[in-house]
Structures are given as C-alpha cells and as structure tokens.
2 protein chains.
Amino acid sequence: MNVAAERKLTILNTALNLVRNMGFESLSIASLAKEVGMSKSGLFAHFNSKEKMHLMILDHAAYTFGNDVFKKSLKSKRGLPRLKLIVHNWVRWYKTGEGGTCPFLAAAVEYDAKPGPVKDRLQLHTNTLIATLNKSIELCIEQGHFKPKIDTKKVTFELYSIIIGHLVYIRTMELKSANKIFQASLDDLIKRNSA
Amino acid sequence: MNVAAERKLTILNTALNLVRNMGFESLSIASLAKEVGMSKSGLFAHFNSKEKMHLMILDHAAYTFGNDVFKKSLKSKRGLPRLKLIVHNWVRWYKTGEGGTCPFLAAAVEYDAKPGPVKDRLQLHTNTLIATLNKSIELCIEQGHFKPKIDTKKVTFELYSIIIGHLVYIRTMELKSANKIFQASLDDLIKRNSA
DNA sequence: GATTCAAACGAACGATCGTGCTATTGTGTA
DNA sequence: TACACAATAGCACGATCGTTCGTTTGAATC
C-alpha cells in the first residue's frame with residue numbers, strides 16, 4: 001500500500017476509535033492530530049473541513065464494519081450458520097476493549113436532527129446495514145433453515161434490536177449477565193423462526 | 001411554584017430538548033443561554049460547572065421520563081394493560097416533533113468510556129429504568145397475564161431492545177413502516193409470554 | 001544533482017469554549 | 001417601605017475550536 005494511503009488509514013482508524021468512545025462532537029482536529037502524532041494543520045489538510053472528516057470517518061466505519069462483520073462471515077455456509085457468525089462478529093465489535101459504541105449510533109445522536117450531508121450518509125449506511133442483515137435472513141429461508149412464511153423485515157428488526165440492546169447492557173449498564181441474556185434471546189429468536 | 005424554580009424548570013426543559021436533538025457535547029452554555037433568553041453568566045450561575053449541568057440535565061431527564069412514561073401508566077390496571085400503556089407512553093417520547101433521541105442513549109455515547117460522576121449517574125438512571133420495566137413485567141405474572149415461568153430479565157431485555165430499535169428505525173432510518181413492524185414485534189412478544 | 005509536487009509544519013486568525021469576577025437587578029420578608 | 005439575599009448581567013481571562021496561509025520537508029522524476 002501507498003505510504004500516503006497507509007497514513008490516511010492510520011488517521012481514520014484512530015479517529016474511528018475515538019469516535020466510538022466519545023462521540024463525534026468531542027473529536028476535535030487537534031486532539032485527533034495529537035493522537036496520531038502529527039500537527040493540527042497537517043492533519044487538517046487530509047480533510048479540508050470538519051464535515052468532510054466526519055463523512056470520511058462514517059465511510060470508514062461502514063467499510064470496516066462491512067469487512068469485520070459481513071465479509072468475514074462468508075466463510076460460513078450460507079443460511080443459519082452464516083447468520084450466527086454475523087451476529088458473533090457484530091457482538092465482538094462491542095466487546096473488545098479497543099472497541100466502543102456503534103459509530104452509527106454515535107452519529108445518530110448528533111445528526112438525526114441535523115439535516116445535511118452527514119445525516120444523509122449516516123442514513124445510507126444504516127439502511128445498507130439493515131438491508132444486508134435482512135438479506136442474510138432471507139438466505140436462511142432459502143436454505144430451509146427458517147420457515148418460509150416469516151416476515152423477514154420483522155425478524156431483521158428484532159435481531160438488530162437485541163444487538164443494540166446488548167450494546168447498552170454491556171457498555172452503559174455493564175451488566176455481568178448481559179451476554180447470557182442476549183444469548184438466550186438470540187437462541188429464542190432463532191428457534192421461533194426455525195423451520 | 002416559585003419564580004426561581006419555574007425558571008430552572010424552563011432551563012432544564014430547554015436543555016433536555018437540545019440534548020435530545022444534538023447530544024450533550026454540542027450543548028454549550030452560551031447556546032443554551034441564548035435559547036432560554038438569558039446571559040451566559042446568568043445561566044452559568046445555576047450550575048457552577050458544565051459537569052454539574054450535565055448531571056442536573058440527566059436527573060431532570062430521569063424525572064421527566066419517570067413522570068411521562070411510568071407515573072402516567074398508573075391509571076391503567078396493573079399487569080398487561082399497564083405494561084402496554086408504559087410502552088405506549090415510551091414510544092410517544094420519541095415520536096413527538098418536540099422530542100428527540102433518548103437522553104440516556106445520548107449520554108451513553110459520550111460518557112460510556114469516561115469514568116466519573118456523569119457516567120455513574122447515567123448508569124444509575126439506566127439501571128433504575130430497566131428495574132422499573134422489569135417490575136411491571138413481574139406484575140404481569142402476578143396478575144396472571146404472563147406465564148409464571150418466564151425469565152422476566154430476558155423479557156425486559158427484549159422489550160427494551162425493540163423500543164430502542166424502534167427509536168433508530170424512526171429517527172435515523174426514518175422508515176415509514178417502523179411503527180407497524182414495531183407493533184408486530186411487540187404483539188408477538190406479549191403473545192409469547194402470555195398465560 | 002536539479003526539479004517538481006504533495007505532505008506536513010508552525011504561526012496566526014477570529015470565534016467560541018468554560019469559568020471567574022464585580023456590579024446590578026429583582027424578589028420575598030420583616 | 002426597607003432590608004437581605006438570591007438571581008442575573010456585563011466583562012474579561014486563558015484555552016481551544018476550525019480554518020487559512022506561507023514555508024519547509026521529503027520523495028519521486030528527469
């Protein structure tokens with residue numbers, strides 16, 4: 001990889017980590033520069049505006065998430081095994097000490113009520129995420145693992161919901177039993193929809 | 001009510017609205033002062049520090065939420081009717097145009113990784129919220145509406161999850177069918193646990 | 001080795017941040 | 001009505017914000 005491209009990747013990875021631990025607004029260009037180890041103006045030149053920086057972080061988050069969660073699940077057989085791996089990868093995103101909250105959730109807090117390019121991008125990525133999850137549930141039907149009659153939109157919603165719920169239980173409440181409860185709910189959800 | 005107390009209520013209500021639409025960090029003392037219509041230093045005197053302001057907003061959010069969602073549900077008969085009203089009141093919190101995201105979710109984004117009094121308070125309120133929800137589910141068992149054998153912690157988790165999920169579907173994705181999907185999931189959850 | 005061009009830097013800008021002061025206003029009580 | 005005191009305002013502070021500018025560095029090209 002290019003030297004310049006590597007540098008940019010380092011910046012975006014660092015930025016993503018910071019955003020996932022303190023939100024978007026708290027991430028100043030100066031603090032990010034210090035974290036990366038370069039000057040404020042030097043880092044600024046990579047983005048040319050804070051809004052563009054936010055957009056790039058959002059894109060990088062989507063790219064990273066797509067890789068870590070969805071792409072890595074392709075090595076499992078399509079259908080239920082793959083769906084399970086997706087959930088497993090997803091949950092790992094929140095559990096690792098290096099991780100943090102969902103970057104899209106962080107963006108949502110600050111941008112849901114602020115129309116503009118950032119909110120649009122956030123919406124795009126969130127829609128893609130849900131659509132991808134929905135697709136992998138449809139695959140479960142196709143493979144005969146789930147009942148054909150189920151409402152995949154509803155199942156997608158429920159699965160996404162307990163993942164976000166798990167995030168809150170783990171990070172905000174720091175509940176010891178969060179993993180166990182989540183797993184029980186997940187198993188139950190799968191059982192309800194299994195053929 | 002006292003003039004001073006009324007003023008403080010106005011300040012806190014305004015602050016809460018702002019927080020629910022742009023997060024905690026974006027809420028500066030100056031911007032809040034302007035919104036309320038008073039001077040920066042005049043408003044500052046009410047809190048004496050930004051951290052204390054965040055704490056008071058958090059407390060006010062908990063108080064308001066407790067009133068709007070839980071206290072107002074007491075007029076319904078205990079058990080399932082009351083639980084349904086709780087959920088109804090809760091969802092209304094997100095749907096009104098004046099509303100916004102969950103203030104505790106907003107705080108979580110910025111404070112989950114920052115140990116200190118604010119995170120402690122956030123944790124306290126979130127725990128209380130979940131405990132109260134759990135209690136009202138236990139009441140459903142007591143009243144014979146829910147099966148006695150169900151794991152109330154798990155049901156609480158699932159109910160809380162779809163409410164948060166609904167919030168994301170409504171506010172971030174702005175999905176037209178969000179209400180319908182949520183209602184279907186809610187009905188399903190109730191049916192699964194009904195005696 | 002000279003030239004070129006992008007990357008990074010240091011310094012500075014106006015604006016705003018949170019936070020102290022002191023003075024002034026307003027409210028409730030004697 | 002006069003007094004006491006809380007509430008608010010005005011002003012200034014150092015720090016930090018996003019941003020601009022001109023300069024310096026470093027690597028690739030000729």
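Small disclaimer: the values here were computed from a predicted structure and weren't measured. Chain letters run A, B, ... following the sequence lines, proteins first, then strands; residues in each count from 1.
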H46(A) NE2 to dA8(C) C1', straight-line distance once rounded to whole Å | 8 Å
E25(A)/K50(A) ion pair, N-O < 4.0 Å | yes
Can you tell me the distance, in whole Å, between the NZ atom of K34(B) and the P atom of dT8(D)?
-> 19 Å
Respond yes when some side-chain nitrogen or oxygen of R7(B) is under 4.0 Å from OP1 or OP2 of dA6(D), and no when none is.
-> no
Below 4.0 angstrom, N of the basic side chain to O of the carboxylate: do D187(B) and K191(B) qualify?
-> no
Length of the CE-P vector between M38(A) and dT25(D), whole Å = 16 Å
N-O pairing of K153(A) and E138(A) below 4.0 Å = no
Salt-bridge contact E158(A)-K154(A) (side-chain N to carboxylate O under 4.0 Å) = yes
For K8(A) and dA7(C), what is the distance between atoms NZ and P respectively, to the nearest whole Å?
-> 8 Å
When rounded to whole Å, the CD to P distance for the pair E6(B) and dG26(C) reads 18 Å
In terms of side-chain geometry, is the basic nitrogen of K119(A) or E174(B) positioned less than 4.0 Å from the acidic oxygen of its partner?
-> yes
Evaluate the ring planes of F104(A) and H125(A), with Trp represented by its six-membered ring, and classify them as parallel (under 30°), tilted (30 to 60°) or perpendicular (over 60°).
-> tilted
Starting at the 5' end of nucleotides 12-21 of chain D, put B wherever the base has a protein heavy atom under 4.0 Å, S where only the sugar-phosphate does, and a dash everywhere else.
-> -----SBBB-
